[in-house]
Structures are given as C-alpha cells and as structure tokens.
Amino acid sequence: MSTKQSRKTLIITRHAPYAIGTAKAALDTILAMAAFDQPVSILFQGEGVLQLLPGQDSENSGMKNLLRQIASLVLYDVERVYVDSASADRFAVDLSTCPIAVCSLQQHQIRDLLLEHDTLLGF
C-alpha cells in the first residue's frame with residue numbers, strides 16, 4: 001500500500017461556455033481526474049462564470065450542453081466548486097440558480113485557494 005498522498009489540482013476555467021471549446025476541455029479534464037479518484041477542484045472566473053447560467057441552449061454551437069456536465073460533477077464526487085464573486089457580480093450571475101452548490105470567494109480567498117493546491121490548470 002502506498003503512503004504517497006495524491007496531489008490536489010485546481011482547474012481554473014475563464015472562458016464563456018461555447019466560445020472556443022476550452023470550457024468543455026476543462027470539464028472533461030475534471031471528470032477524467034475525478035473518475036480516477038484524483039482530488040480536483042474547479043474555480044469559475046471571468047467569463048467562465050457564464051457556464052453556470054441556467055437555460056443554456058447549446059444546439060447552435062454543435063456542442064453538448066455544459067450545464068448538464070456541470071450538474072454531473074456531484075456524481076463524480078467533485079464537491080469543491082468555487083466562483084469568483086467579482087466575476088459573478090460583473091456578469092450578473094445569480095449563484096442561487098447554479099445546478100450545483102458553489103462557494104463564492106473574494107479575491108483574497110482566491111489567493112489562499114491557489115496556495116492550497118499542488119497543481120493549477122487554467123482553461
């Protein structure tokens with residue numbers, strides 16, 4: 001039995017849901033890591049908070065609906081979901097309508113969050 005602890009990874013997603021595919025890549029990475037029991041968290045920042053808006057219509061983009069993927073994070077035991085409160089305010093995202101429970105963070109809390117993780121991946 002290995003005594004080595006898994007490294008904690010934070011995925012930071014900053015892009016609108018269907019703009020260039022990076023939002024989907026971030027979610028795919030999270031789901032893959034979680035499927036292999038890797039500790040992973042996600043931070044929605046900048047335009048990335050738009051991924052949390054209800055009523056998304058992805059039909060014209062030719063992509064899968066990201067909101068469904070986000071809602072499935074709990075099925076993969078991804079429970080550490082964070083949102084930059086300044087970004088949510090700027091884009092008028094009502095966090096109470098998110099498909100999953102999120103923790104809203106101020107800038108100083110985000111700095112602390114970054115320091116808590118061994119690996120940071122930005123999308």
Beyond-backbone contact of Glu47 with Arg14, side-chain heavy atoms, under 4.5 angstrom: no
What pair of heavy atoms forms the shortest contact from Val49 to Ala88, and how long is it? CG1-N, 4.1 Å
For a 4.5 angstrom cut-off between non-hydrogen side-chain atoms, does Leu10 reach Leu113? yes
A quick test of your reading: do over 12 heavy atoms of other residues, nucleotides or ligands sit less than 6.0 Å from OH of Tyr76? no
Going through the checks in order, is the side chain to side chain contact (heavy atoms under 4.5 Å, CB included) test met by Val93 and Leu53? CA-CA 7 Å; Val93 174; Leu53 288 174; 3.8 Å; yes
Under a 4.5 Å side-chain heavy-atom rule over Ile, Leu, Val, Met, Phe, Trp and Tyr, are Leu43 and Val83 clustered together? no
Verify the cluster assignment for Val81 and Leu67: are they in a single hydrophobic cluster under the rule of side-chain heavy atoms below 4.5 Å apart? no
So do the side chains of Thr9 and Leu120 get within less than 4.5 Å of each other, counting heavy atoms only? no
Identify the two heavy atoms, one from Ile42 and one from Leu73, that lie closest to each other, and give their separation to 0.1 Å. CG2-CD1, 4.5 Å
With a 4.5 Å cut-off on side-chain heavy-atom distances among I, L, V, M, F, W and Y, is there a chain of contacts connecting Leu27 to Ile12? no
Got Ile110 and Gln45 here, is their nearest side-chain heavy-atom distance under 4.5 Å? yes
To the nearest 0.5 Å, atom CG of Asp118 lies from atom NZ of Lys8 at 7.5 Å
More than 12 heavy atoms of other residues, nucleotides or ligands under 6.0 Å from CZ of Arg68: yes or no? no
Heavy-atom closest contact (Pro54 atom, Thr97 atom, distance): CD-OG1, 3.6 Å
Tell me the closest heavy-atom pair linking Ile100 and Ile70, and the distance in Å. CG2-O, 3.5 Å
Assess, by modelled atom type and distance only, whether the side chains of Ser85 and Gln106 contain a donor and an acceptor separated by less than 3.5 Å. yes
Counting only pairs under 3.5 Å, give me each side-chain donor-acceptor contact of residues 28-38, with atom names and distances, residues two or more places apart or in other chains.
residue	atom	partner	partner atom	Å
Asp28	OD1	Lys24	NZ	3.1
Asp28	OD1	Gln69	NE2	2.8
Asp28	OD2	Lys24	NZ	3.1
Thr29	OG1	Ala25	O	2.8
Gln38	NE2	Phe36	O	3.3

Tell me whether Ser87 contacts the main-chain N or O of Gly46 through its side chain, where contact means a donor paired with an acceptor under 3.5 Å. yes
Test your reading of the model: is there a side-chain donor-acceptor pair from Arg80 to the backbone of Val40, 3.5 Å cut-off? yes
Say whether Phe123 and Leu52 are linked into one hydrophobic cluster, either directly or through other cluster members, by side-chain heavy-atom distances under 4.5 angstrom. yes
Would you say Ile11 ends up clustered with Val78 if hydrophobic residues are merged whenever their side chains have heavy atoms under 4.5 Å apart, either directly or through other cluster members? yes
If you take all heavy atoms of Ser104 and Leu95, which pair is closest and at what distance? CB-CD1, 3.7 Å
Between His117 and Ser41, is there a side-chain donor-acceptor contact under 3.5 Å, judged purely by atom types and distance? yes
If you look at every heavy atom in Thr13 and Ala23, which pair is closest and at what distance? OG1-CA, 4.1 Å
Do Gln51 and Phe44 come within less than 4.5 Å of each other through their side chains, counting heavy atoms only? yes
